[in-house]
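These notes concern the structure reproduced below.
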Amino acid sequence: MSAPLLHVKDLQIGATIYPTDGPPKQIEIVKSVSFTLQKGKVLGLIGESGAGKSTIGLSAMAYGRGGVEITGGQVLLDGQDLLQKSPRGLRSVRGAQVTYVAQSAAASFNPARKIMDQVTEAAILQGKFTPAEARARAVRLFEKLGLPDPQNIGNRYPHQVSGGQLQRCMTALALCPEPDLVIFDEPTTALDVTTQIDVLVAIKAAIADTGVAALYITHDLAVVAQVSDDIMVLRMGEMVEYGPTDQIINNPQQDYTRALVSVRSIAHDEKPPSDDPILRMENITARYKGTQFDVLHDVSVDIAPGQTLAVVGESGSGKSTLARVLTGLLPARGGQITFDGETLSPDLAGRSRENLRELQMIYQMADVAMNPRQTVETIIGRPLEFYFGLRGRAKRDRVVELLDQIEMGSGFLDRYPAELSGGQKQRVCIARALAAKPKLIICDEVTSALDPLVADGILKLLLDLQARENVAYMFITHDLATVRAIADSIAVMYQGRLIRYGGKTQVLSPPFDDYTDLLLSSVPEMRLGWLEDVIANRRMESAGN
Amino acid sequence: MGIALKLVAQRIALSLLLLFLVSGLIFAGTQILPGDVAQSILGQSATPEALANLRRDLGLNEPALQRYISWLGNAMQGDFGTALTNGQDIISSLSGRLKNTLFLAFWAALISVPLAIFLGLVAVRYRERWPDKLISAVTLTSISIPEFLIGYVLMYFVGVKLGWAPTVSTVYADMSLGAKLQAIALPVTVLTLVVLAHMMRMTRAAILNVMQSAYVETAELKGLSMFRIIWRHAFPNAIAPVVNVVMLNLAYLVVGVVVVEVVFVYPGMGQYLVDHVSKRDVPVVQACGLVFAAVYIGLNIAADVISILSNPRLRHPK
């Protein structure tokens with residue numbers, strides 16, 4: 001075997017943290033990680049947030065974010081230790097030999113400069129190509145990555161192209177200087193599934209075409225299984241398992257890897273439909289103030305008491321707008337909402353306090369849904385005070401009871417949101433919604449920001465609470481695996497219209513309409529060769545038509 | 001270009017409305033001051049008959065609204081009337097004074113704005129290191145010392161002891177440009193020191209804020225030099241806040257230079273205004289107020305327009 005392109009030996013990375021009480025301290029965030037990467041191969045780094053996978057990825061450029069510092073080990077690129085290089089020497093490696101594709105292309109492109117300038121900048125300044133050569137190469141890459149109008153797309157500004165297109169432009173940016181190694185840091189995580197699949201195909205083809213080596217960082221094992229030759233599983237800065245993709249997926253050795261592979265273990269059987277729904281939305285039409293077009297067209301859905309309606313769709317499909325209409329934040333232009341037998345005022349201001357109490361909401365970002373200066377007790381106690389007038393002892397007892405229900409306990413009463421993990425924060429938000437004793441909770445992408453195993457725990461909790469409290473959920477999500485896990489009925493939305501609606505089994509069984517078929521077939525499956533199969537199928541179908 | 005043009009047109013319309021409201025305020029403000037021009041011309045010992053005669057001659061007995069309308073109408077045609085105290089045409093003495101003030105402000109801005117932005121960029125490049133701390137310390141010190149004190153200190157050392165620049169900055173219309181520049185060297189230095197800190201710190205803060213963004217990390221990972229990152233990637237996105245502060249300071253250079261003009265006996269608007277306030281020469285005070293307001297609003301609108309045009313989302317809509 002020839003000498004590897006990248007050889008990371010015994011890498012140790014530390015960070016300085018500044019706790020609110022006490023002096024700053026050094027913590028270890030990556031502990032003794034080693035791996036090698038051959039030319040033209042792809043290594044997947046996988047783990048939950050905080051596993052250190054991005055930190056390890058960036059170490060291949062000898063770069064530490066914020067207060068992160070590489071404290072030990074070697075990063076050998078073509079036999080040269082990057083950690084021994086001068087700042088000037090490092091600059092000649094970054095952007096030339098090693099390049100980086102960030103998770104959010106939207107944030108990683110400079111809004112003030114044209115795409116072409118940014119794509120070719122490193123290649124030109126690093127002396128790899130003349131400006132004319134770099135531009136020609138960029139156009140070829142745009143073409144290869146399947147971008148529309150490759151000749152001219154570079155003259156646009158980042159906000160003038162879509163998210164999926166921008167992510168492909170970012171890949172072009174990384175490939176333009178003909179690097180030896182590209183670090184892909186969650187390049188498809190922020191995209192819709194149907195867009196993700198296109199970007200994945202483009203990235204995979206570009207890697208194969210250019211013969212570049214890659215580190216592919218993601219939390220989604222099903223995605224990494226499609227593109228990588230080897231996989232390293234990381235947890236809390238330590239290596240859990242490292243081996244060929246086939247072995248990790250089909251024959252994992254460690255318990256943690258097995259848990260990752262088999263996540264979404266929840267089985268939820270659909271409940272029978274009811275004739276007496278708790279919520280009935282009929283022919284809802286809505287538009288935002290100051291705009292000329294409707295964002296919801298004639299949408300009608302029901303939710304039975306104690307059941308879950310999953311509203312599925314991509315960004316821009318109108319699913320969150322439906323929730324805004326239901327809450328009264330965006331009064332409907334047409335249609336009627338019947339809740340618990342009475343007609344709801346379309347406008348928030350026209351609703352009684354009882355209406356408000358019975359309809360609660362849980363948000364995607366638990367972080368920003370809580371006041372950071374209030375304790376858990378204050379946060380959960382607020383609706384108790386507001387709706388039921390509870391004070392003092394009685395309120396505290398009820399808060400403790402709710403904390404027990406979300407499996408956290410009274411030890412958390414005096415904690416601040418910043419002292420909770422992501423999953424715990426979401427649990428507190430659930431307790432706050434439950435405190436009002438609602439009949440319906442709108443859950444807006446409540447597990448999207450969470451790691452798979454933590455998200456699983458939240459979904460189980462929601463199902464338990466539903467069984468106990470007989471509360472109904474309107475569950476808004478773009479994640480079809482989540483839908484399978486918890487829904488009783490499903491509404492598929494596309495461009496503000498209800499495309500498909502019914503019981504779970506019925507919606508998820510063929511024959512499908514085109515869009516639902518596209519959506520379902522785009523969800524990555526945890527098996528090798530899935531990506532190729534889907535693409536082959538789609539080619540055959542389009543050839544057949 | 002559609003959205004940007006519409007926004008710019010909106011701002012300009014708003015500024016005209018604002019100027020109209022300010023004219024009302026200026027007029028009302030001069031009306032509610034105790035005493036009137038007649039009183040101050042004739043002095044405390046004037047007889048009531050003499051006062052009444054003079055008021056009638058000056059048109060002070062007309063209703064306020066009517067006087068306001070005719071004043072505004074004339075002002076819009078460039079006629080501010082004549083000064084009560086010396087009977088001179090206001091617009092001609094005012095325009096000479098305004099020219100002088102703008103001349104001083106122009107040179108002060110020409111030095112201070114690029115210097116402040118450059119120092120801000122340097123401070124970001126070496127943040128938390130000695131160049132940053134030195135720049136902050138010096139500019140903060142200079143903004144903390146009252147401008148008249150800096151003025152007198154410079155006058156004594158640079159003007160009297162070293163003899164490098166004249167201590168009195170009187171300029172005449174027929175002076176050569178070189179002679180004028182030499183005359184205003186000291187006031188320009190004082191003004192530069194006064195406005196530098198504010199603009200420099202805003203530039204530093206705005207760029208540092210942008211330096212946190214993901215696209216700056218992208219630029220770092222392209223192996224670009226720090227100065228190129230700051231200049232090409234961070235600064236274009238920090239223009240809006242910087243321009244706002246620059247314009248506020250430019251407005252200060254025009255509107256707020258009274259003290260410096262008085263210290264250096266510079267024949268600008270500020271001194272003109274102060275002289276006539278003490279004589280209760282209402283038409284002159286009103287005219288000066290209106291001109292100051294127009295300059296202030298004009299510069300702020302310019303800042304708004306530049307901010308709008310510096311936003312690529314507005315310049316190049318989807």
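All values reported here derive from a predicted model rather than from experimental measurement. Below, chains carry the letters A, B, ... as their sequence lines are ordered, and counting in each starts from 1.
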**Asked** Would A:Met61 and B:Leu221 satisfy side chain to side chain contact (heavy atoms under 4.5 Å, CB included), going step by step from the backbone distance to the final call?
**Response** CA-CA 8 Å; A:Met61 300 176 98; B:Leu221 291 175; 3.6 Å; yes
**Item:** Audit row: A:Tyr100, B:Lys222, side chain to side chain contact (heavy atoms under 4.5 Å, CB included) steps and yes/no
**Value:** CA-CA 8 Å; A:Tyr100 180 72; B:Lys222 282 177 177 173; over 6 Å; no
**Request:** Test B:Arg232 against A:Asn110 for side chain to side chain contact (heavy atoms under 4.5 Å, CB included), laying out the working first.
**Result:** CA-CA 10 Å; B:Arg232 294 282 290 157; A:Asn110 191 329; over 6 Å; no
**Request:** Begin from the C-alpha positions of B:Arg313 and A:Tyr157 and carry the test side chain to side chain contact (heavy atoms under 4.5 Å, CB included) through to its verdict.
**Result:** CA-CA 8 Å; B:Arg313 283 169 197 277; A:Tyr157 283 85; over 6 Å; no
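A donor-acceptor pair is defined here as one N or O able to donate and one able to accept, closer than 3.5 Å; no such pair exists between the side chain of B:His233 and the backbone of A:Arg113.
At most 12 heavy atoms of other shown residues, nucleotides or ligands fall within 6.0 angstrom of atom CZ in B:Phe20. The environment of B:Phe103 atom CZ is dense: over 12 non-hydrogen atoms of other residues, nucleotides or ligands sit within 6.0 angstrom. With a 6.0 Å radius and a threshold of 12 heavy atoms from other residues, nucleotides or ligands, A:Glu69 has its CD atom at or below the threshold. Residue A:Tyr288 places its OH atom among more than 12 non-hydrogen atoms of other residues, nucleotides or ligands, all under 6.0 Å distant. Counting non-hydrogen atoms of other residues, nucleotides and ligands closer than 6.0 Å to CD of B:Gln10 gives a total above 12.
Of the listed residues A:Ala102, A:Ala112, A:Pro87, A:Pro111, the one with more heavy-atom pairs under 4.5 angstrom with chain B than any other is A:Pro111. Counting heavy-atom pairs closer than 4.5 Å to chain B, the top residue among A:Gly95, A:Ser108, A:Pro158, A:Ala122 is A:Ser108.
With a 4.5 angstrom heavy-atom cutoff, B:Gln212 does not touch chain A via any of its atoms. Using a 4.5 Å cut-off between heavy atoms, A:Leu58 touches chain B through its side chain atoms alone. Interface residue B:Ser225: backbone and side-chain heavy atoms are both found under 4.5 Å from chain A. Heavy atoms closer than 4.5 Å to chain B are found in the side chain of A:Leu173, but not in its backbone.
Within the model, atoms OG1 of B:Thr218 and CD of A:Gln118 stand 8.0 Å from one another, a figure rounded to the nearest 0.5 Å. Taking CZ of A:Arg65 as the reference point, atom CD of B:Glu217 lies at 4.0 Å (rounded to 0.5 Å). Considering CG of B:Leu224 and CD of A:Gln126, their distance stands at 7.5 Å, rounded to 0.5 Å.
In terms of heavy atoms, B:His316 sits closest to A:His159 at O-NE2, 2.7 Å.
For A:Glu121 and B:Arg228, the salt-bridge test passes: some basic side-chain N is under 4.0 Å from an acidic carboxylate O.
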